[in-house]
Each structure stands twice: as C-alpha cells, then as structure tokens.
Amino acid sequence: MSTVPTIKLNDGASIPQLGFGVFQIDPDDTANAVKTALDIGYRHIDTAEMYQNEAGVGQGIRDAGVDRADVFVTSKLNNGFHEPDDARRAFDETLAKLQFDYVDLFLIHWPLPTLYDGDFVSTWRTLEEFKRDGRARSIGVSNFQIAHLERLANETETVPAVNQIEVHPYFTNDEVRAYGQQHGIVTEAWSPIAQGKVLDDPVIVKIAEAAGKSPAQVVLRWHVQRGDVVFPKSVTRKRIEENFALFDFELSGADVSALTALDKGEAGRTGPNPDEFDYIPD
Ligand code: NDP
C-alpha cells in the first residue's frame, strides 16, 4: 500500500511521483539497495546503462518478491550509442541485463548536441520504435534544453513523456520546467537534494526545524509540491526511509517560495551544462 501519488504522462501511462535513484550505487550493492527500497514501499526505480547496475536493479526487484508489473522501471541510452543500430543493440542489452521484457520508461540520457553532427533526432526516432514494439511503455529524454525539445517537436511525431533534468533549490531550472508544463512533458528532477549540498543551507535548516522534518524531507517535499517527479539516491536504510516519508506534511506557500528563491542560476548547477557535455564512457 503506497501513499505515493502518481502523475499521468502524455501517453496515458502513470508514473509514481517518488522513486529511488541508483546512480553511483556499486553494482554489487545495487540489488540489496533496491530490495531495501521496495521493502520500504518504493515502486519506481531510476537506473541507466551508464550506471552499470541494471542487472542489480532487476535482481533487487526479483529478490523483493514484488510483481514486475507493480514497479515502474526507467533506464537510459548511454552516450556512445546514439546511432540507430547502436541504440537498438544497447536497448536489447538493457533488457537482457534487467532480465525484463520491457521497461516502463526509456530515455536518451544526454542530447550531445556537439556530437553525431548534432543529430539526436534519429536517436529519438529509434526510441519511437521501442515504444511501438511495446518494449518501452513510455519514452522520454534527459538533459534536453528548450532548443532540443523544440527540434523534436518540429521534426518528429512523439512528444517526450518526460524530461529528466537537474533541479534543486540552488538550480531551479524553471525555464525548462515551464516549457515542459506548456507542452505536456513531465519534469523529473535529478540530484533533487544536490547530492547533499543544499542540506545545510540556513534557510532550509530553519524551515525543517519549524516543520519537525529533516532538511532532505523539506527539499524533497518542495519538489513534490512543485509537481516534479523525484528519485533521491541513498545506500543508507534510515535515509531511504526518511526520503519516503513525504506525504504526511505540507510546506506553506511562503516556504515553497523561500526555497525557490535560493536559486543561483547557472552557478548553481552541480552537473555539466547539456549544451556542452560530450562525455562518452569507455
Ligand atoms: P541526490 O540528490 O539524490 O543525493 C544523493 C546523496 O545524498 C548521496 O550521497 C546520499 O548519501 C545523500 N543522501 C540521500 N538521502 C539523504 C538524507 N535523507 N539525508 C542526508 N543525505 C542524504 O543525488 P543523485 O545524483 O544520486 O540523484 C538522484 C538520482 O537522479 C540518481 O540516483 C539518478 O537516478 C538520477 N540522476 C540522473 C542524472 C541524469 O543525467 N539523468 C544525473 C544525476 C542523477 P548515501 O547514499 O551515502 O546515504
């Protein structure tokens, strides 16, 4: 029995608004972390080929004894595989590692506008194939800027179901979020607590003390009230539990505004700028 609300995607599917992220979880520890999250009640796991732990995600779901159909599983196409035939092979591999015959959501991890002659459109068309054949129930993008989303809108048939982007109080990314809202693209906020960097901010600590909640809970609740999807990562059971307990309190409008006002613009990014990022893992 989950208290987590679901959000409707533009293709009719529903996604749990709170999930569990597995970036930087050691492949050998992933099954255990995922099982812990599922035992606590999470039903949404966010992984990627780049994280090298898809096998552990599938194993953790099986170990937890939860029906595959009851868990929303996302993975992402790695940067080296944007050309259509490579993307097809990489997607087969993702499913093989998970040992599932479908994912709920498959994303282009980064747009890489400086690579592949700037062509992420044929990559997107390949994801459309995966959706048509039912092996990706929904498809979306990650780290897409407005110009990238506009290109897909002008040149392809399918509006991405989600755009997974960096969002936290030091980098609110509100222009890209607003574009998503206007075009039916759900925003997923990655590094929702900025990998811990926002947790000792005095504004956040004060609001947390007044609410009787932890700073992480306050920041995650801020995301929830802004309508974004979040999947905080932790390998610490107590924190995994804490991050799940977001639905028995509410922030005031003034508190939400105070967190939003912490935005530092571009200087607040913890990750790379998607317009420039061109990393291809070995
Ligand atoms: P998060 O913002 O989720 O922060 C994770 C860090 O915060 C870990 O060091 C964790 O420590 C710590 N932490 C977690 N919960 C608490 C808590 N309650 N109190 C104090 N510290 C806490 O960072 P991520 O970068 O992992 O982002 C979340 C997910 O977003 C990723 O796992 C991935 O799924 C996705 N992501 C996607 C990207 C993309 O390009 N699409 C890029 C980056 C992330 P510990 O584990 O030691 O407990």
Side-chain angles (χ1 to χ4, degrees), residues 15-27 29-30 32-34 36-37 40 42 44-54 56-57 60 72-79 103-112 140-145 148 160 162-173 176 186-201 204-205 208 211 213-224 228-246 268-281:
I15 185 169
Q17 193 179 8
L18 174 64
F20 182 67
V22 299
F23 177 41
Q24 291 176 329
I25 301 186
D26 189 290
D29 300 335
T30 302
N32 189 39
V34 166
T36 301
I40 289 165
Y42 291 78
H44 168 185
I45 312 291
D46 185 88
T47 184
E49 206 276 332
M50 198 186 286
Y51 308 163
Q52 299 183 2
N53 56 17
E54 291 166 308
V57 169
F72 191 101
V73 179
T74 299
S75 194
K76 315 184 190 92
L77 181 72
N78 208 339
N79 293 349
V103 288
D104 295 276
L105 178 61
F106 195 63
L107 310 179
I108 300 179
H109 205 147
W110 289 87
L112 308 176
V141 294
S142 178
N143 299 300
F144 273 45
Q145 306 276 55
H148 307 142
V162 310
N163 186 20
Q164 183 176 131
I165 53 175
E166 180 172 356
V167 183
H168 47 72
Y170 289 168
F171 186 62
T172 58
N173 218 341
V176 182
V186 167
T187 295
E188 299 189 325
W190 65 248
S191 292
I193 57 172
Q195 300 194 339
K197 291 179 190 74
V198 295
L199 299 182
D200 53 7
D201 184 283
I204 294 171
V205 169
K213 299 289 169 185
S214 73
Q217 287 173 318
V218 164
V219 175
L220 294 169
R221 179 72 206 179
W222 170 81
H223 287 284
V224 166
D228 293 351
V229 172
V230 278
F231 22 78
K233 169 265 177 186
S234 177
V235 290
T236 316
R237 185 180 176 103
K238 193 179 150 294
R239 290 174 171 174
I240 302 174
E241 280 170 351
E242 181 183 312
N243 297 344
F244 193 67
L246 305 180
R269 275 191 199 276
T270 62
N273 185 321
D275 287 321
E276 292 151 16
F277 191 58
D278 60 1
Y279 168 71
I280 300 210

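Every number for a ligand or one of its atoms is a count from 1 in the order of the listing.
P274 has its side chain within reach of R269: a pair of non-hydrogen atoms, C-beta onward, lies under 4.5 Å apart. Proximity of I240 to F20: side-chain heavy atoms (C-beta onward) are separated by under 4.5 Å at one or more points. Side-chain atoms of H44 and L18, non-hydrogen and from C-beta on, never get closer than 4.5 Å to each other. Within the 4.5 Å cutoff, the side chain of L246 has heavy atoms near those of the Q217 side chain. Within the 4.5 Å cutoff, the side chain of D228 has heavy atoms near those of the V167 side chain. Within the 4.5 Å cutoff, side-chain heavy atoms of F23 are placed close to those of Q195. Side-chain contact between V57 and T30 is present, with heavy atoms from C-beta onward closer than 4.5 Å. By the 4.5 Å heavy-atom criterion applied to side chains, H109 and M50 are counted as neighbours.
Of the heavy atoms in S191, both backbone and side-chain atoms come closer than 4.0 Å to ligand 1. The parts of Q195 lying near ligand 1 are both backbone and side chain, judged by heavy-atom distances below 4.0 Å. Only the side chain of N143 comes within 4.0 Å of ligand 1, counting heavy atoms alone; its backbone N, CA, C and O stay farther away. Of all the heavy atoms of S234, the ones lying under 4.0 Å from any atom of ligand 1 are found in both the backbone and the side chain. Contacts between A48 and ligand 1 below 4.0 angstrom, taking non-hydrogen atoms only, are absent altogether. Using a 4.0 Å cut-off between heavy atoms, L199 contacts ligand 1 through its side chain alone, with no backbone atom that close. Residue contacts with ligand 1, taken as heavy atom pairs separated by less than 4.0 Å, involve H109 solely via side-chain atoms from C-beta onward. The residue T47 has no part lying near ligand 1, judged by heavy-atom distances below 4.0 Å.
Using a 4.0 Å cut-off between charged nitrogen and carboxylate oxygen, D46 and K233 do not count as a salt-bridge pair.
Atom 15 (N) of ligand 1 has N243 ND2, 3.0 Å as its closest protein atom, hydrogens excluded (heavy atom only). Shortest contact from atom 13 (N) of ligand 1 to any protein heavy atom: I193 CD1, 3.6 Å. Scanning the protein heavy atoms around atom 32 (O) of ligand 1, the nearest turns out to be F23 N, 3.0 Å. For atom 12 (C) of ligand 1, the closest non-hydrogen atom of the protein is R239 NH1, 3.9 Å.
Remark: ligand 1 atoms within the under-4.0 Å shell around heavy atoms of A194 are 2 (O). Per-residue contacts place P232 under 4.0 angstrom from the following atoms of ligand 1 (heavy atoms of the residue considered): 3 (O). Heavy-atom contacts of W110 reach the following atoms of ligand 1: 40 (O) (cutoff under 4.0 Å). Taking every non-hydrogen atom of V235 and a distance limit under 4.0 Å, the qualifying atoms of ligand 1 come out as 45 (P), 46 (O), 47 (O), 48 (O). Atoms of ligand 1 found under 4.0 Å from any heavy atom of T236, numbered from 1 in the order shown, are 45 (P), 47 (O), 48 (O).
Ring geometry for H168 versus F171: interplanar angle of 30 to 60°, hence tilted. Classification of the F277-W110 ring pair by plane angle, with boundaries at 30° and 60°, yields tilted. Ring orientation note: the planes of F244 and Y42 are tilted relative to one another, at an angle of 30° to 60°.
Counted within 6.0 Å of CD on Q52, heavy atoms from surrounding residues, nucleotides or ligands total 12 or fewer; the atom is thus considered open.
Considering backbone and side-chain N/O atoms, V22 comes within less than 3.5 Å of an N/O atom of ligand 1.
Taking only non-hydrogen atoms, the option from F244, F231, W190, F277 nearest to atom 28 (C) of ligand 1 is F231. Counting only non-hydrogen atoms, the option in K233, K76, Q164 that gets closest to atom 8 (C) of ligand 1 is K233. Taking each of I240, D46, V141 in turn, the one with a heavy atom nearest to atom 34 (O) of ligand 1 proves to be D46.
Here the rule is side chain to side chain contact (heavy atoms under 4.5 Å, CB included) with N53, and of V34, D26, D29, I25 only I25 fits it.
Ligand 1 is never approached by F20 to a heavy-atom distance shorter than 4.0 Å. Using a 4.0 angstrom heavy-atom cutoff, S214 does not count as in contact with ligand 1. For the ligand labelled ligand 1, residue G271 lies outside the 4.0 Å heavy-atom shell.
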